[in-house]
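Shown next, in structure tokens, is the structure this report addresses.
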Amino acid sequence: VSEPNRFSTDAQRYLDGEPHGEVSPEERAVADRLRDGTTAYAERLQVPGAEVDRAVMRTVRGLRPARRRMGWRWLVQPQAIQVRPIWVPAIAALLVALVWLGTSRDPVTTAAPVPAVAASDTIFVHFELRAPDAELVSVAGSFNQWRPGALPLTRRNGGVWSATIPLPVGEHQYQFVIDGTEWIPDPTAHAQIDDGFGGTNSLIVVGPKGVVRS
Amino acid sequence: LGEAIEDALDQLSDEQREAFVLKHVQGLSYDQMDELLGAGVDALKMRVYRARDRLREILGDRL
């Protein structure tokens with residue numbers, strides 16, 4: 001027996017593309033609408049005509065979203081924050097409270113090496129990696145506390161993985177993570193720098209009008 | 001409807017939103033999501049299920 005506004009287990013399995021029992025036509029229609037609406041939403045996230053710029057990460061101009069439209073993405077996407085030292089204890093206390101209140105996830109370090117930036121400016125940056133044998137590719141960097149799974153790339157034809165990610169204006173370091181374990185710098189990045197631990201980070205500099213190439 | 005879904009996603013918990021987006025926007029399998037988040041397939045499935053129920057509740061007649 002399913003409650004109103006809830007999907008039956010069979011409908012959930014239907015939405016997961018798994019074997020399922022009977023789903024009423026009405027419920028199936030609702031499920032299809034949810035799936036189609038989500039697809040429409042997902043397509044709006046994609047950048048139109050994202051032709052490959054062999055040169056690397058390409059900046060997509062004129063797509064800077066209004067604050068409101070950023071919505072929840074503002075919460076989960078990387079943000080560089082300029083913090084005056086005097087605020088650090090208060091912010092630390094707030095973060096501890098939020099973590100304690102809101103989530104079972106391990107608290108991540110908030111001491112990521114973020115540079116000073118003009119905080120309100122966000123630019124869409126296109127990341128791309130050719131990795132035909134990978135099962136999963138994501139990008140991790142100073143903009144997402146180096147969490148390996150936070151920003152997965154989408155696989156396209158030919159084993160090219162890509163994602164378009166809003167980044168705050170400023171300087172960011174990152175690496176690609178293949179299958180959750182193998183960290184590699186972006187072979188096409190404009191600059192690579194020593195990460196201080198014997199590895200190499202890729203460097204990207206985002207200016208107000210796009211990726212800066214010195 | 002896409003826009004309504006975006007607004008409705010705002011109202012989900014972080015965990016539900018993350019699971020739903022990885023599943024339906026990024027198109028990952030539960031196994032892939034588990035690799036990313038390490039929460040276990042069953043728990044992730046439950047988050048997606050609840051996210052769908054919540055979206056259905058929020059979107060109401062629009063679905």
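Residue numbering restarts at 1 for every chain, and letters A, B, ... go by the order of the sequence lines.
- Ranked by non-hydrogen atom pairs under 4.5 Å with chain A, the options B:L22, B:D53, B:L12 are led by B:D53.
- Interface remark: of the candidates A:V177, A:L34, A:D16, A:D16 forms the most heavy-atom pairs closer than 4.5 Å to chain B.
- Ion pairing between a basic and an acidic side chain is recognised when a charged N comes within 4.0 Å of a carboxylate O; A:E22 and A:R13 show no such pairing.
- Taking the ring centroids of A:F7 and A:Y14, they lie at or beyond the 6.0 Å cut-off.
- Using a 4.5 Å cut-off between heavy atoms, B:R62 contacts chain A through its backbone alone, with no side-chain atom that close.
- Taking 4.0 Å as the cut-off between side-chain N and carboxylate O, B:E15 and B:R50 do not count as a salt-bridged pair.
- A salt bridge links A:E18 with B:K45: at least one charged nitrogen is closer than 4.0 Å to a carboxylate oxygen.
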